[in-house]
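Heads up, the thing below is written out as structure tokens.
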Amino acid sequence: MKLIIADSYEAASLEASKILLEQIKENPSSHLGLATGSTPLKLYEYMVADFKENGTSYKDIKSFNLDEYFGLEGTHPQSYRYFMMENLFNHVDILPENIHVPAGQGDIQENCDAYNAMLATEGVDLQLLGIGSNGHIGFNEPGTPFTQVTHCIELEEGTRQDNARLFFDGNIDEVPTHAVTMGIKNIMDSKKVLLMAFGENKAEPIRVLVEGEVSVDVPASVLQNHPDVTIIIDKAAASKLTKK
Ligand code: PGA
């Protein structure tokens with residue numbers, strides 16, 4: 001596990017963008033596992049800026065997003081598909097047919113089975129992750145077995161509160177109660193993992209991820225068992241680390 005403690009959100013995001021760009025340059029037909037939320041916003045800004053300035057192409061890239069809210073159409077402004085279109089995909093040359101986000105509507109079991117089959121065939125080269133204040137990755141809430149693949153899950157109250165703080169106009173009643181998420185197994189199957197975390201409220205899950213016990217109570221801790229993980233955090237998220 002490689003840990004980078006950056007001076008700021010901007011510096012951390014720039015560092016993360018270099019890793020993603022390196023991946024794309026090394027293999028222009030990479031399969032990228034992508035994440036939503038407040039954490040990767042700046043990273044995506046840097047990726048868009050790079051595309052405008054340097055033209056790094058996504059035409060052979062395939063993307064596989066981690067999760068989607070249950071019940072929201074991909075055109076809903078709070079859906080994760082919409083988030084990805086607005087913050088990255090509409091601004092680069094990725095092909096629409098190469099964009100994959102779990103469907104939050106329709107026959108959920110059928111959709112999950114299809115997503116799992118696709119992930120098993122395609123594979124993810126580099127998986128980008130945030131982390132929840134409760135230690136979730138994707139929407140795999142505490143208690144989720146490490147063997148799980150893409151599934152529908154009930155969100156914890158705290159997760160819905162966290163997500164209402166920055167999105168949904170602060171209204172928790174608008175935050176769906178469930179989501180469809182890649183499982184821990186899908187995440188662990190990716191070749192490389194790049195996890196980012198910023199702010200005081202990520203300090204405890206980051207402590208457990210870096211130096212705590214591996215347990216389903218803090219799902220991100222499973223990454224201790226992954227062979228190629230890079231963690232980029234700011235000083236606030238590093239504030240509970242005890243080892244140098
Ligand atoms: P955030 O969410 O980026 O909005 O903090 C991260 C997560 O829940 O994984």
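Order of appearance sets the numbers: ligands from 1, and atoms from 1 within every ligand.
Listed as neighbours of ligand 1 are Gly37, Ser38, Thr39, Gly130, Ile131, Gly132, His136, Lys202, each bearing a heavy atom under 4.0 Å from the ligand.
Residues forming a side chain to side chain contact (heavy atoms under 4.5 Å, CB included) with Asn90 (at least two apart in sequence, or on another chain): Met85, Glu86. The salt bridge (Lys or Arg N to Asp or Glu O under 4.0 Å) test applied to Glu45 returns Lys42, not counting sequence neighbours.
With no hydrogens or angles considered, no side-chain donor-acceptor pair links Gln148 and Asn140 at under 3.5 Å.
Within the structure, the salt bridge (Lys or Arg N to Asp or Glu O under 4.0 Å) test picks out the following pairs touching residues 190-207 (sequence neighbours left out): Asp125-Lys191, Glu204-Arg207, Glu204-Lys240.
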Can you list the steps and then say if His91 with Phe51 is a ring-ring contact (aromatic ring centres under 6.0 Å, His included)?
-> CA-CA 8 Å; His91 311 286; Phe51 179 74; 9.6 Å; no
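Note on Leu209: it clusters hydrophobically with Leu241, by side-chain heavy-atom contacts below 4.5 Å among ILVMFWY residues.
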